[in-house]
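For this chain, numbers begin at 1 and follow the sequence in order.
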Amino acid sequence: MARRAMPERTCVGCRKRAPASELLRVVAIGDEAGHTSLRPDPARRLPGRGANMHPDPACFAQAVRRRAFGRALRLTGVPDHGALAEHVDAQPPTTGQARPVEGR
């Protein structure tokens, strides 16, 4: 049986490639007044163009500082990232190191 390749994406914060399953998908949602807000899409099911980032406050801060969400999502103006910031802050901290595999 052939193994399927895991899709890889690039984090908009740190610009490192990682399996899509390790990254958080982010989409832009517009309202009637023309304001755009960024929303986390952990289930990867919301419609529209998505950007990917590690669910890490450091990657989020770097993406905001570089204005990477606007470029990745092809937005004009500065989107509101309040809901995304709350989601990222609520995630358990990660060390960024690979976990040891038991039994080896």
When you measure from the side chain of R49 to the backbone of A28, do you find a donor-acceptor pair of N or O atoms at a distance under 3.5 Å?
no
Has the side chain of R71 got a donor or acceptor atom that lies under 3.5 Å from a matching backbone atom of R66?
yes
Which heavy atom in [X] sits nearest to a heavy atom in [Y], and how many Å separate them?
X	Y	answer
R39	I29	CG-CG1, 3.5 Å
V88	P55	CG1-C, 4.3 Å
V27	G50	CG1-CA, 4.3 Å

All pairs passing ring-ring contact (aromatic ring centres under 6.0 Å, His included) where residues 42-90 contributes a residue, at least two apart:
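Matches after skipping sequence neighbours: F60-H81.
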Report the residues that fulfil salt bridge (charged side-chain N to carboxylate O under 4.0 Å, His left out) with R9, sequence neighbours left out, ordered by chain and then residue number.
none
Between atom [atom1] of [X] and atom [atom2] of [Y], what is the distance when rounded to the nearest 0.5 Å?
X	Y	atom1	atom2	result
E22	M6	CD	CE	8.5 Å
L24	D41	CG	CG	8.0 Å
E8	R17	CD	CZ	5.0 Å
L73	T36	CG	OG1	9.5 Å

Using the rule that Ile, Leu, Val, Met, Phe, Trp and Tyr join whenever any side-chain heavy atoms are under 4.5 Å apart, tell me whether [X] and [Y] fall into a single cluster.
X	Y	value
V12	L75	yes
M53	L23	no
V64	V26	yes

Can you find a pair of side-chain heavy atoms, one from D80 and one from H35, that are under 4.5 Å apart?
no
From CA spacing to verdict: side chain to side chain contact (heavy atoms under 4.5 Å, CB included), D56, Q62:
CA-CA 10 Å; D56 180 18; Q62 197 169 12; over 6 Å; no
